[in-house]
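In each ligand, atom 1 is the first atom listed, and ligand 1 is the first ligand listed.
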Amino acid sequence: MSRKKTPKSKGGSEPATSTLPAAAAATNGPRLAHPRTVRPGPEAPPNGPPQSIRPSLGSTGDFYDVAFKVMLVGDSGVGKTCLLVRFKDGAFLAGTFISTVGIDFRNKVLDVDGMKVKLQIWDTAGQERFRSVTHAYYRDAHALLLLYDITNKDSFDNIQVSGLGGGMNQDCLNGIRSPSPVT
Ligand SMILES: Nc1nc2c(ncn2[C@@H]2O[C@H](COP(=O)(O)OP(=O)(O)OP(=O)(O)O)[C@@H](O)[C@H]2O)c(=O)[nH]1
């Protein structure tokens with residue numbers, strides 16, 4: 001599904017992002033252009049074990065040894081997109097909150113002990129109306145990052161109720177694969 005962002009008013013408090021198990025600290029900085037609109041396509045890893053070949057990532061000419069699919073999950077406004085942009089580009093999306101529509105992903109290749117690790121990080125829409133769409137992408141994920149806003153207790157409770165405990169359900173959890181060792 002394509003992803004667009006639509007302006008959305010924020011309400012009173014500014015969220016601060018946290019994740020389970022970890023969060024990247026966000027800092028103020030210039031606002032980048034919004035992540036490109038993409039469709040799940042050829043770059044999306046197929047079902048099955050992490051890729052261990054060295055395909056090109058495209059115009060960047062980067063290569064990788066293993067690839068993992070990571071999902072960012074959480075209520076609307078907890079900072080999923082900001083976390084992703086911060087991690088990928090090193091900048092913080094300050095200013096108007098533009099809610100994600102559908103789903104998007106970005107790739108980042110890290111050097112881990114001399115190995116090129118490609119993370120394909122999926123940014124899901126937090127709004128309830130997109131839940132059925134975004135849940136379909138959990139199935140072949142290697143990791144989920146569960147995000148909540150530390151100033152909004154509901155966003156934490158919703159992870160427990162409609163996330164892991166309820167809406168995401170055991171089917172989704174069963175579908176999450178364990179990373180295979182790199183050969
Ligand atoms: N104070 C503070 N504000 C943040 C932080 N992270 C994100 N925000 C703000 O929170 C708002 C929402 O951030 P997004 O990253 O778009 O939220 P999202 O979880 O992707 O929301 P959806 O796309 O609707 O699912 C934006 O206005 C950000 O500037 C943070 O760590 N601290």
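Proximity of Leu83 to ligand 1, defined as any heavy-atom pair under 4.0 Å, is not found for any part of the residue.
Heavy-atom distances between Asp75 and ligand 1 reach below 4.0 Å in at least one pair.
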Please determine whether side chain to side chain contact (heavy atoms under 4.5 Å, CB included) holds for the pair Trp122 and Ile103, giving the CA-CA distance in whole Å, both sets of side-chain angles, and the decisive distance to 0.1 Å. CA-CA 7 Å; Trp122 289 75; Ile103 196 161; 3.6 Å; yes
Could you go through Met71 and Leu145, starting from their C-alpha distance and side-chain angles, then the distance that decides it, and tell me whether this counts as side chain to side chain contact (heavy atoms under 4.5 Å, CB included)? CA-CA 6 Å; Met71 307 290 300; Leu145 283 185; over 6 Å; no
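Backbone and side-chain nitrogen or oxygen atoms of Gly126 are examined, and one is located within less than 3.5 angstrom of a nitrogen or oxygen of ligand 1. The distance criterion of under 3.5 Å between nitrogen or oxygen atoms is met by Lys80 with respect to ligand 1. For ligand 1, the polar-atom distance check finds no N/O of Gln127 at less than 3.5 Å from any of the ligand's N/O atoms. Distances between N or O atoms of Ala125 and those of ligand 1 include no value under 3.5 Å. Any N or O atom pair closer than 3.5 Å counts here, and Gly79 shares at least one such pair with ligand 1.
The atoms of ligand 1 that sit less than 4.0 Å from any heavy atom of Ser99 are 22 (P), 23 (O), 24 (O).
The backbone N or O of Lys69 lies less than 3.5 Å from a partner atom in the side chain of His142, making a donor-acceptor pair. Judged by distance alone, the side chain of Ser155 and the main-chain N or O of Asp149 form a donor-acceptor pair under 3.5 Å.
Here Asp113 pairs with nothing under the salt bridge (charged side-chain N to carboxylate O under 4.0 Å, His left out) rule; sequence neighbours left out.
Using a cut-off of 4.0 Å between Lys/Arg side-chain N and Asp/Glu carboxylate O, Asp123 and Arg106 are scored as not salt-bridged. A salt bridge is defined here as a Lys NZ or Arg NE, NH1 or NH2 lying under 4.0 Å from an Asp or Glu carboxylate O, and Asp65 with Lys118 fails to meet this definition.
Checking Phe130, Phe92, Phe97 against atom 11 (C) of ligand 1, the nearest heavy atom belongs to Phe97.
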